[in-house]
Amino acid sequence: MTQKPHVIIAGAGLGGLTAALSLLQSGFDVDVFEQASELKEVGAGVQISANGTRVLHALGLGDAIRALSWEPRGKELRLWNTGETWPMFDLGAESVERYGFPYYMFHRADLHEALASAVRHAKPDAIHLNAKAVGCDSAGSRPGLRLESGATIRGDVLVGADGVHSAVRQALFGPDQPKFTGCIAWRGVIRADRLPSHLLRPVGTNWVGPGGHVVHYFLRRGELLNFVGVRERSDWQVESWIAAGTVDECLEDFAGWHEDIRTFIRNIETPYKWALKVREPMARWTQGRVTLLGDACHSTLPFMAQGAVMAIEDGFILARCLAAAPGDPEAALKRYEAARRERANKVVTGSAGMIDLFHNSELADHAKAQAFMARQFQPEQTRARYEWLFSYDATRVAV
Ligand SMILES: Cc1cc2nc3c(=O)[nH]c(=O)nc-3n(C[C@H](O)[C@H](O)[C@H](O)COP(=O)(O)OP(=O)(O)OC[C@H]3O[C@@H](n4cnc5c(N)ncnc54)[C@H](O)[C@@H]3O)c2cc1C
């Protein structure tokens with residue numbers, strides 16, 4: 001085959017759309033099949049570190065994302081009950097100076113819309129809605145995506161970017177066996193003008209406490225605040241962005257926590273709860289001309305804020321690999337998987353390892369908490385945890 005392949009993508013999330021845009025910009029023909037009836041993201045935040053914004057800049061989205069995002073001056077740690085504060089790392093100009101690109105926080109819908117409109121600008125009818133994948137056929141040189149409608153869409157390459165419950169992954173490798181972590185994540189978006197002025201500091205914050213932690217940061221130029229509160233409890237096991245809880249239930253989960261946390265919770269209109277599950281890192285992502293990306297092959301706990309960033313890196317590297325060997329898609333997919341799997345799996349295991357750091361039982365006792373923070377959050381330790389992530393260059397790394 002000497003033509004560039006026609007690529008079929010299942011799923012128009014952040015990963016699928018980044019792959020679609022990267023491929024279209026490299027001259028491939030692309031069609032994306034999305035189960036939803038309209039293209040929209042949930043009302044929640046997403047942090048994109050420099051290794052992700054580097055890719056978005058390379059795709060020509062630098063101005064668009066700067067206008068939509070909120071850029072923190074840095075990140076801070078706070079203790080769950082007293083509110084004592086420690087610096088975690090500097091961002092803002094420091095991120096640009098160190099890694100070449102900014103660290104941005106987004107409303108997911110804003111970032112999703114920026115990617116979708118760039119895809120549609122490149123190919124107006126690239127995204128097909130109401131198109132739920134139910135399986136795939138990976139044999140031969142024309143893999144097919146089977147849709148719920150009964151249609152099978154064939155192309156030269158098929159990519160499953162259909163998220164944590166991926167139908168393409170299940171068709172390739174069988175059902176997965178997620179394990180419940182014993183943690184649930186509460187999330188909510190709060191209008192910044194409802195918050196007292198002392199809660200408007202221009203930093204992202206990680207509160208740490210025994211059996212739970214809270215992350216908050218602003219979105220959309222500072223107009224909104226994103227709240228994520230993780231608590232260890234075993235009675236809720238639904239893995240979904242849209243399962244609603246109540247403010248009272250959320251307050252109960254954070255009983256005894258600092259008044260700032262309780263102020264945030266009281267101002268959430270509808271808190272949603274997501275049961276956090278882990279999956280073993282996968283040994284393979286690819287079969288012939290079918291591969292996976294993003295949460296479909298390496299869903300991760302959100303504790304390093306890297307799941308979407310990994311999906312963005314995957315999409316860009318996939319396009320680079322196919323562009324490097326357009327006549328041999330099978331070899332290109334092998335190169336893609338070889339370039340990505342170890343790094344993505346390291347995020348999966350690293351994120352799971354953060355539970356012990358953020359939820360440590362020593363944080364219950366004030367003196368032990370002081371010693372724990374001094375021991376575990378020295379600047380060089382924090383740098384070692386994140387440097388390998390932020391400094392990665394998906395536009396130049398060898399593939
Ligand atoms: C509480 C929480 C906070 C997080 N915070 C961060 C963060 O700050 N930074 C970060 O980098 N990551 C974060 N993550 C992780 C991040 O949300 C995911 O890693 C990211 O969304 C994965 O992108 P994706 O495109 O692979 O999958 P998804 O975003 O899940 O997109 C999959 C798409 O496929 C579609 N789809 C699903 N099934 C089918 C089907 N059968 N047929 C067709 N279409 C289908 C879906 O509708 C969706 O549009 C967080 C996760 C959670 C739970």
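Just so you know, residue 1 is the first one in the sequence shown, and it goes up from there. We count ligands from 1, going down the list as the structure has it; atoms in each ligand are counted the same way. Note that the structure is predicted; figures quoted are calculated from it, not measured.
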Ignoring hydrogens and angles, tell me if any N or O in the side chain of Gln378 forms a donor-acceptor pair with the backbone of Glu380 under 3.5 Å. no
What short N/O contacts, under 3.5 Å, does ligand 1 make with the protein, listed by atom pair and distance?
{"unit_1": "ligand 1", "atom_1": "8 (O)", "unit_2": "Gln47", "atom_2": "N", "d": "2.8"}
{"unit_1": "ligand 1", "atom_1": "9 (N)", "unit_2": "Gln47", "atom_2": "O", "d": "3.0"}
{"unit_1": "ligand 1", "atom_1": "9 (N)", "unit_2": "Ala305", "atom_2": "O", "d": "3.3"}
{"unit_1": "ligand 1", "atom_1": "11 (O)", "unit_2": "Ala305", "atom_2": "O", "d": "3.3"}
{"unit_1": "ligand 1", "atom_1": "11 (O)", "unit_2": "Gly307", "atom_2": "N", "d": "3.3"}
{"unit_1": "ligand 1", "atom_1": "11 (O)", "unit_2": "Ala308", "atom_2": "N", "d": "2.9"}
{"unit_1": "ligand 1", "atom_1": "11 (O)", "unit_2": "Val309", "atom_2": "N", "d": "3.0"}
{"unit_1": "ligand 1", "atom_1": "12 (N)", "unit_2": "Gly307", "atom_2": "N", "d": "3.3"}
{"unit_1": "ligand 1", "atom_1": "12 (N)", "unit_2": "Ala308", "atom_2": "N", "d": "3.0"}
{"unit_1": "ligand 1", "atom_1": "17 (O)", "unit_2": "Arg108", "atom_2": "NH1", "d": "3.0"}
{"unit_1": "ligand 1", "atom_1": "17 (O)", "unit_2": "Arg108", "atom_2": "NH2", "d": "2.8"}
{"unit_1": "ligand 1", "atom_1": "19 (O)", "unit_2": "Asp295", "atom_2": "OD1", "d": "2.7"}
{"unit_1": "ligand 1", "atom_1": "19 (O)", "unit_2": "Asp295", "atom_2": "OD2", "d": "3.4"}
{"unit_1": "ligand 1", "atom_1": "19 (O)", "unit_2": "Gly307", "atom_2": "O", "d": "3.4"}
{"unit_1": "ligand 1", "atom_1": "19 (O)", "unit_2": "Ala308", "atom_2": "N", "d": "3.2"}
{"unit_1": "ligand 1", "atom_1": "21 (O)", "unit_2": "Arg108", "atom_2": "NH2", "d": "2.8"}
{"unit_1": "ligand 1", "atom_1": "25 (O)", "unit_2": "Leu14", "atom_2": "N", "d": "3.4"}
{"unit_1": "ligand 1", "atom_1": "25 (O)", "unit_2": "Gly15", "atom_2": "N", "d": "2.8"}
{"unit_1": "ligand 1", "atom_1": "26 (O)", "unit_2": "Asp295", "atom_2": "N", "d": "2.9"}
{"unit_1": "ligand 1", "atom_1": "38 (N)", "unit_2": "Asp162", "atom_2": "O", "d": "3.4"}
{"unit_1": "ligand 1", "atom_1": "41 (N)", "unit_2": "Ala133", "atom_2": "O", "d": "3.0"}
{"unit_1": "ligand 1", "atom_1": "42 (N)", "unit_2": "Ala133", "atom_2": "N", "d": "2.8"}
{"unit_1": "ligand 1", "atom_1": "44 (N)", "unit_2": "Gln35", "atom_2": "N", "d": "3.1"}
{"unit_1": "ligand 1", "atom_1": "47 (O)", "unit_2": "Glu34", "atom_2": "OE2", "d": "2.7"}
{"unit_1": "ligand 1", "atom_1": "47 (O)", "unit_2": "Gln35", "atom_2": "NE2", "d": "3.2"}
{"unit_1": "ligand 1", "atom_1": "49 (O)", "unit_2": "Glu34", "atom_2": "OE1", "d": "2.6"}
{"unit_1": "ligand 1", "atom_1": "49 (O)", "unit_2": "Glu34", "atom_2": "OE2", "d": "3.3"}

Parallel, tilted or perpendicular: rings of [Y] and [X] (30°, 60°):
X      : Y      : result
Phe254 : Phe227 : perpendicular
His216 : Phe264 : tilted
Phe89  : Tyr103 : tilted
His213 : Phe303 : perpendicular

Are Arg385 and Phe377 in a cation-pi setup, meaning NZ or CZ lies under 6.0 angstrom from the ring centre and within 45 degrees of the ring axis? yes
